[in-house]
Amino acid sequence: MAIICKNTLFLTLIFSLFLVNSASSEVEILLQFKSSIEDPMNVLSGWSNTTAIHHCNWTGVSCTNGGSLSVFSLNLQSLNLSGEISASLCKLANLTHLNLADNLFNQPIPLHLSECDSLVTLNLSNNLIWGTIPEQISLFKPLEVLDFSRNHIEGEIPESIGSLKQLKVLNLGSNLLSGSVPVVFGNFTELMVLDLSHNPFLVSEIPGDIGELSKLEELLLQSSGFYGEIPDFFKGLKSLTILDLSQNNLTGNLPQIKLFLQNLVSFDVSQNKLSGSFPNGVCEANSLVSLSLHTNFFNGSIPNDFFNECTNLERFEVQNNGFNGNFPSWLWSSPKIKLIRAENNKFTGEIPDSISEAAQLEHVQIDNNSFTTRFPLGVGKVRSLYRFSASLNGLYGELPPNFCDSPVMSIINLSHNYLSAKIPEVRKCRKLVSLSLADNNFVGEIPESLADLPVLTYLDLSQNNLTGSIPQELQKLKLALFNVSFNQLSGRVPLLLISGLPASFLQGNPGLCGPGLPHSCLDDNPMSKSSGFAKLTCALVFIALAFVLLVFAFGFYLIRFHKRRSQLGIWRSVFFYPLRVTENDLILAMDEKAARGSGGNFGRVYVVNLPSGELIVVKKMLNFASQSSKALKNEVKTLAKIRHKNMVKILGFCHSDDSIFLIYEYLPKGSLGELIGKEDFNLPWSVRLKIAIGIAQGLAYLHKDYIPHLLHRNLKSNNVLLDSDFQPKLTDFALDRIVGENIFQSVVASESASSCYLAPEYGHMKKATEQNDTYSFGVILLELLTGRQAEQKESEGPSLDVVKWVRRKINITNGAMKVLDPKISNSSQQQMLGALEIGLHCTSVIPEKRPSMCEVVKALQSLETSHLQGLEFCASVDSSIPL
Ligand SMILES: *[C@@H]1O[C@H](CO)[C@@H](O)[C@H](O)[C@H]1NC(C)=O
Ligand SMILES: *[C@@H]1O[C@H](CO)[C@@H](O)[C@H](O)[C@H]1NC(C)=O
Ligand SMILES: *[C@@H]1O[C@H](CO)[C@@H](O)[C@H](O)[C@H]1NC(C)=O
Ligand SMILES: *[C@@H]1O[C@H](CO)[C@@H](O)[C@H](O)[C@H]1NC(C)=O
Ligand SMILES: *[C@@H]1O[C@H](CO)[C@@H](O)[C@H](O)[C@H]1NC(C)=O
Ligand SMILES: *[C@@H]1O[C@H](CO)[C@@H](O)[C@H](O)[C@H]1NC(C)=O
Ligand SMILES: *[C@@H]1O[C@H](CO)[C@@H](O)[C@H](O)[C@H]1NC(C)=O
Ligand SMILES: *[C@@H]1O[C@H](CO)[C@@H](O)[C@H](O)[C@H]1NC(C)=O
Ligand SMILES: *[C@@H]1O[C@H](CO)[C@@H](O)[C@H](O)[C@H]1NC(C)=O
Ligand SMILES: *[C@@H]1O[C@H](CO)[C@@H](O)[C@H](O)[C@H]1NC(C)=O
C-alpha cells in the first residue's frame with residue numbers, strides 16, 4: 001500500500017515537472033487551476049479570459065509591481081472552495097504566497113506544491129486535509145511559513161521536516177498527530193512561531209533543542225500529550241513572548257527563568273503536574289501580562305517584592321495549588337490587573353482599601369484560603385468588578401454600604417466567613433444574579449431592597465442570625481434558590497416563596513409560620529364553633545391546599561425547566577477531530593429528522609450534517625455519572641485512540657450532567673443487521689466472507705493488539721457498519737468503560753432483543769471474557785451463512801435464534817448443506833461449509849472450546865485463499881453439542 005502511494009507521488013512529481021516546463025501564459029495557468037476547483041459561491045466567476053480585467057486584478061490574485069507583472073500571491077481563504085489543488089499553480093514562476101485557509105479541500109498534503117520554486121508561504125489551515133506528513137515534506141526547501149493547522153493530519157512528525165531550515169512559522173496545531181516529536185528543532189534557526197497544540201494523540205517529551213531557537217517568539221504546545229520535565233531551555237529562548245504549555249502531563253519543577261525572558265507577555269503552564277516553588281523570574285522584565293500556574297502542585301510562598309516590577313500584569317491565575325504565605329499585597333492595587341484567581345490555596349493576608357486603584361479589576365476569586373481581612377471599602381469603587389468571591393476565609397467586620405456598588409456586579413460569594421452586623425441595603429448593583437452570605441454572623445433584617453434587583457436569582461442567607469420577617473416583596477423575584485434556613489426569622493412566609501422552594505430552605509427558623517411549615521400562622525386558624533361554618537372552612541381549606549399543591553408542582557416544574565435550560569450552557573467537549581461545530585449546533589441538529597433507528601441500547605443515534613458538508617453520527621446516552629468527568633474523558637480518549645480499518649472512529653464527545661454524546665464517523669451503507677433484515681438480502685458469498693474477516697480482524701485488534709486490551713461486549717450485526725466498499729467497521733464498542741460496569745450490565749440485561757448474541761454463560765459468569773465476544777461473532781457468521789437474522793420469527797411458533805436453528809437443522813437432517821443460504825450459488829459451497837464449521841466452533845456452548853479471534857481470522861483468511869485448507873481447519877464438526 002505504502003509503496004503504491006510513493007510511486008503515485010513520484011509520478012505526480014514527474015508529471016508536474018513536465019507541466020512546469022511547458023510554457024504558458026499566467027492567464028491559462030490560473031484558468032487551469034480554477035478548472036480543478038469547485039467554487040459553490042461562484043467567487044471565481046471573474047477569473048475569465050473573456051473579461052477585460054487584467055488577471056492581476058482577479059479576486060485573490062496579487063502581482064509583483066516591478067517592470068513585468070507576474071503573479072506573486074494567491075489568497076483564496078474562506079471561500080468554501082473544494083476540489084483539487086492542482087500542480088499547475090507551480091507554473092506561476094513568481095508565486096510566493098499561497099493561502100487557501102478556511103476552505104473545504106479534502107485531500108492529503110499536496111506535496112506537488114514543493115515544485116513551486118518561489119513558494120515561501122503555504123497556508124492550508126482549517127481545511128479537511130488528511131493523511132500523514134510524508135518524508136518528502138523536506139522537498140519544500142524555501143518555505144518560511146507552513147500552516148497545516150486545524151486539519152485531520154495524523155501519524156508522526158517525520159524527522160525530515162528538520163531540513164526546512166528557513167521556516168519562520170510552523171503550525172501543526174489541532175490535528176491528529178501521534179507519537180513522539182522528533183528532535184530536529186535545533187535546525188530551525190529562523191523559527192518564530194511553533195504551534196503543536198491540540199494534538200491529543202501526541203505522546204512526547206518536549207524536545208530540548210527548542211531551547212536553541214533564539215528567535216522563537218511563540219511556543220504553543222498546549223492540550224497535547226507532552227510529559228516529563230520542562231527542559232531547561234529558557235536561557236536560549238531570548239525572544240519568547242508567549243509560552244503555553246497548559247493541559248499536558250508535565251511533571252517536575254519549573255526551570256529557572258530569571259532575567260532571560262525579556263519580552264515575555266504570557267506564561268501559561270496550568271493544568272499539569274508541576275511542583276516546586278513560584279517561578280520568581282517571570283516578571284523580571286515587566287512585560288508580563290498574563291501568568292497562569294493554576295491546577296498544579298506548586299507550593300511555598302510568593303515573595304512580595306517580586307511583583308514590584310510587574311505593573312503590566314492583567315491576569316494572575318494561581319488557583320488550585322498549595323501556595324501559602326502572604327498574598328502579594330501589591331497586586332490588589334495594580335492599575336492594570338483584571339483577573340485574580342487564587343482559590344483553593346492557603347494564602348493569608350489582607351485586602352487593602354487601595355483595591356480601589358485597581359480600576360480595571362473584573363474578577364476576584366479567592367475562596368478557600370486563610371485571608372483575614374475586613375471587607376475593603378475600596379471594592380465598591382471598582383466600577384468594572386463583576387465577580388467577587390471570597391468564601392471560606394476569615395473575613396470579619398461589617399459589610400460596607402457600598403459593597404455592591406459596581407454597576408456590573410453579578411456574583412458575590414462571601415459565605416463561610418465571620419462577617420457581622422446588618423446586611424446593608426443594596427440598590428446600585430442592578431445586574432446582581434447571585435448573592436451568598438451564608439454562614440456568617442449577620443444580624444438584623446433581610447434588606448427589602450433585595451427585591452428591587454431585577455435579575456437576582458440565587459440568594460443564600462442561611463446560617464446567620466437574621467431576625468424579623470421575610471419581606472413580602474421578595475415574591476416579585478424569579479428566585480431559583482432562596483435559602484434562609486437556620487436564622488431567627490419569624491412571621492408569615494410569603495406564599496409564593498413557600499410554594500416554589502423546598503421546605504428545607506426555611507427550616508431552623510422556629511418563628512416562621514405558614515402552610516406546609518411546622519407552625520401555621522395564628523390568624524390562619526379561626527376554626528369556628530358553628531359546625532356548618534366549620535364544614536365550609538374545611539372545604540375552603542381543602543381547595544386552598546389543592547391550589548397550594550398545584551402551585552408547588554408548577555414551581556418545581558419551573559425549577560426543573562430552568563435547570564434544564566441552564567444545562568445547555570455547561571457542556572464540556574473534547575474533539576479528537578477538528579469538527580467545526582459547537583455543542584449547541586449539535587443539540588439543535590439532533591432532532592427527530594436526524595434520528596436513526598429505534599435507539600438500540602444505551603441511547604439514540606442521530607446523523608448530523610455539519611456546515612462543512614461532512615456527516616457525523618452522534619450517539620446520545622444518559623450520563624449516569626458513574627465516574628468523574630475527568631475519568632470519563634480519559635476513558636473516551638482511550639477508545640478514541642483506536643485506529644483500525646475495521647473500527648468506527650470516535651471523533652469526539654460532549655457531556656453535561658445529563659447526557660453524553662459520542663461522536664462517530666458516518667458510514668453511508670448503514671448496518672449489516674439492516675442489510676440482513678431486508679427481504680432481498682442477496683450479497684454474494686465473497687462479499688459476506690470479506691465482511692466476516694473484517695469483523696474478526698476488528699475484534700482481534702481490540703482483544704490483542706490494542707493497549708489496553710478491550711472487549712467489545714455489545715457485538716451484533718446492528719453494530720457492524722459498512723462503508724461504501726462493504727468493509728465492515730465495528731461500532732458501540734467497550735461502552736462499559738463509559739457508562740460503568742453496573743449500568744452496562746443492567747442495560748444489557750434489560751434488552752431481550754440482543755440476547756441471542758450473548759453467550760449462554762453470560763448470565764451467570766460475573767466476568768466478561770474474550771469468549772463472549774467470540775460467541776457474538778459466531779452468531780453474526782451464522783447470519784451471513786444462512787441469510788437469516790439472529791432472531792427470526794418462524795411462520796408458526798415462537799422465534800428461534802439462529803444458533804439453535806442451525807444446530808437443530810443439522811441434527812435433524814444430518815446435512816450441513818441445508819442450512820446454507822439458498823440464494824448463494826453452489827460454487828461457493830466448499831468455502832461456506834468451512835465457514836460453517838468456524839461458526840459452530842465460535843458458538844460452542846463451552847467457552848473454552850471457542851477459538852481466539854486471531855485463530856478465527858487466520859482460518860477465515862485461509863478459506864478465502866484456498867478451498868481445501870478451509871475444510872482441513874477443525875477436524876470435527878461440533879454439531880453434537882446438546883441444545
Ligand atoms: C479562453 O480559454 C479557453 C480555455 O481555457 C479557450 O478555449 C478560449 O479559446 C479562450 N478564449 C480566449 C478569448 O482566449
Ligand atoms: C487594476 O485595477 C486598478 C484600479 O481598478 C487599476 O488602476 C490597475 O491599472 C489595474 N491593474 C491592471 C494590471 O490592470
Ligand atoms: C460555506 O458553505 C456553508 C454550507 O455548506 C454555508 O453555511 C456557509 O455560509 C458558506 N460560507 C460562506 C463564507 O459563505
Ligand atoms: C519572475 O520569475 C522569473 C523567473 O524566475 C524571473 O526571471 C523574473 O524576474 C520574476 N519577475 C519578477 C517581477 O519578480
Ligand atoms: C493562515 O490563514 C488563516 C486564515 O486567514 C490565518 O488565521 C492564519 O494566521 C494564517 N497562518 C499564518 C501562519 O499566517
Ligand atoms: C539539520 O541540518 C543539517 C545541516 O545543517 C543537516 O545535515 C541535518 O540533516 C538537519 N537535520 C535534520 C533532522 O534534517
Ligand atoms: C501522564 O503520565 C503518567 C506517567 O508519567 C501516565 O501514567 C499517565 O497516563 C499520563 N496521563 C495522560 C493523560 O497522558
Ligand atoms: C513543597 O512540597 C514538597 C513536596 O511535596 C515538599 O518537600 C516541600 O517541603 C514543600 N515546600 C514548601 C515550602 O512547603
Ligand atoms: C480547599 O482547598 C484545599 C486545598 O488547599 C482542598 O483540599 C479542599 O478540597 C478545598 N475545599 C473546598 C471546599 O473546595
Ligand atoms: C444570635 O443573636 C442572639 C441575640 O440577638 C444571641 O443571643 C445569639 O448568641 C446569636 N447567635 C449567634 C449564633 O450568633
Side-chain angles (χ1 to χ4, degrees), residues 43 60 62 73-81 85 96-105 113 119-129 140 143-151 153 164 166-175 188 190-198 216-220 242 251-254 273-280 293-303 318-327 341-348 365-371 389-394 413-417 436 438-439 460 578 580 628 630:
V43 284
S62 315
S73 153
L74 259 188
N75 186 350
L76 299 174
Q77 56 172 312
S78 310
L79 299 174
N80 268 359
L81 302 178
I85 304 171
T96 311
H97 303 294
L98 178 58
N99 187 348
L100 300 175
D102 298 336
N103 282 300
L104 301 166
F105 289 105
L113 293 181
L119 197 63
V120 164
T121 303
L122 177 57
N123 190 342
L124 293 174
S125 170
N126 199 23
N127 275 283
L128 303 164
I129 307 286
F140 281 98
L143 273 190
E144 293 177 9
V145 176
L146 183 57
D147 191 341
F148 285 159
S149 60
R150 302 167 72 200
N151 279 293
I153 296 169
L164 302 179
Q166 314 292 322
L167 277 182
K168 291 183 173 152
V169 176
L170 176 59
N171 189 346
L172 302 176
S174 299
N175 275 292
F188 298 138
E190 301 298 315
L191 202 62
M192 293 158 72
V193 177
L194 176 59
D195 188 341
L196 303 176
S197 63
H198 297 281
L216 195 68
E217 293 174 5
E218 297 181 19
L219 179 56
L220 307 173
I242 299 178
T251 50
N253 294 354
L254 281 179
K273 294 172 185 158
L274 296 165
S275 48
S277 56
F278 187 83
N280 262 332
L293 307 175
H294 75 83
T295 320
N296 276 294
F297 303 116
F298 291 115
N299 64 3
S301 60
I302 302 177
V318 296
Q319 69 270 27
N320 307 328
N321 278 292
F323 288 121
N324 53 31
N326 247 335
F327 190 79
R341 290 197 56 179
E343 69 268 21
N344 300 326
N345 282 288
K346 299 184 194 84
F347 286 117
T348 55
Q365 216 173 330
I366 55 169
D367 312 79
N368 193 15
N369 279 288
S370 304
F371 287 94
S389 185
S391 65
L392 285 160
N393 275 290
N413 185 355
L414 300 172
S415 58
H416 309 290
N417 279 294
S436 178
D439 190 17
D460 190 348
R580 290 186 228 154
S628 72
K630 193 169 172 187

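Remember, predicted model here, so these are calculated numbers, not experimental data. In listed order, ligands and their atoms are each counted from 1.
- Among protein heavy atoms, atom 3 (C) of ligand 5 sits closest to Asn123 ND2, 3.6 Å.
- When hydrogens are left out, the protein atom nearest atom 11 (N) of ligand 5 is Asp147 OD2, 2.7 Å; that is the closest non-hydrogen contact.
- If you number the atoms of ligand 5 from 1 as listed, the ones under 4.0 Å from a heavy atom of Ala101 come out as 2 (O), 3 (C), 4 (C).
- Within a 4.0 Å radius of atom 9 (O) of ligand 9, the protein contributes no heavy atom.
- Using a 4.0 Å cut-off between heavy atoms, Thr121 makes no contact with ligand 5 at all.
- Using modelled atom types, no side-chain atom of Asp367 and backbone atom of Asn369 make a donor-acceptor pair closer than 3.5 Å.
- Applying the 4.0 Å criterion to heavy atoms of Val169 picks out, from ligand 5, the atoms 13 (C).
- In this structure a side-chain-to-backbone donor-acceptor pair under 3.5 Å is missing from Asn123 to Asn99.
- Those atoms of ligand 5 that come under 4.0 Å of a heavy atom in Val145, given as number and element, are 13 (C).
- With atom 4 (C) of ligand 9 as the reference point, the heavy atom nearest to it among Leu392, Asn320, Asn344 is part of Asn344.
- Taking atom 5 (O) of ligand 5 as the reference point, the nearest protein heavy-atom neighbour is Gln77 OE1, 2.2 Å.
- The single protein non-hydrogen atom nearest to atom 13 (C) of ligand 8 is Gly300 CA, 3.7 Å, given as residue, atom name and distance.
- Taking the six-membered ring wherever Trp is involved, the centroid distance between the rings of Phe327 and Phe371 falls below 6.0 Å.
- With no hydrogens or angles considered, no side-chain donor-acceptor pair links Ser174 and Ser149 at under 3.5 Å.
- Looking only at distances, no side-chain donor or acceptor of Asn127 sits under 3.5 Å from a matching main-chain atom of Ile129.
- Ring orientation note: the planes of Phe323 and Phe347 are close to parallel, at an angle under 30° on the 30°/60° scale.
- Asn320 and Asn344 get closest at one heavy-atom pair: OD1-ND2, 2.9 Å.
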Test salt bridge (Lys or Arg N to Asp or Glu O under 4.0 Å) on Lys168 and Glu144 and set out the steps. CA-CA 5 Å; Lys168 291 183 173 152; Glu144 293 177 9; 3.4 Å; yes
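- For atom 2 (O) of ligand 9, the nearest non-hydrogen atom of the protein is Asn368 ND2, 2.3 Å.
- Residue contacts with ligand 5 for Asn99 involve side-chain atoms from C-beta outward but no N, CA, C or O (heavy atoms, distance under 4.0 Å).
- Gln77 and Asp102 make their closest contact through OE1-OD2, 4.2 Å (heavy atoms, listed as atom of the first residue, atom of the second, distance).
- Residue Asp102 places a heavy atom less than 4.0 Å from ligand 5.
- Which parts of ligand 8 touch Asn299 is read off a 4.0 Å heavy-atom cut-off, strictly below it: atoms 1 (C), 2 (O), 3 (C), 8 (C), 10 (C), 11 (N), 12 (C), 14 (O).
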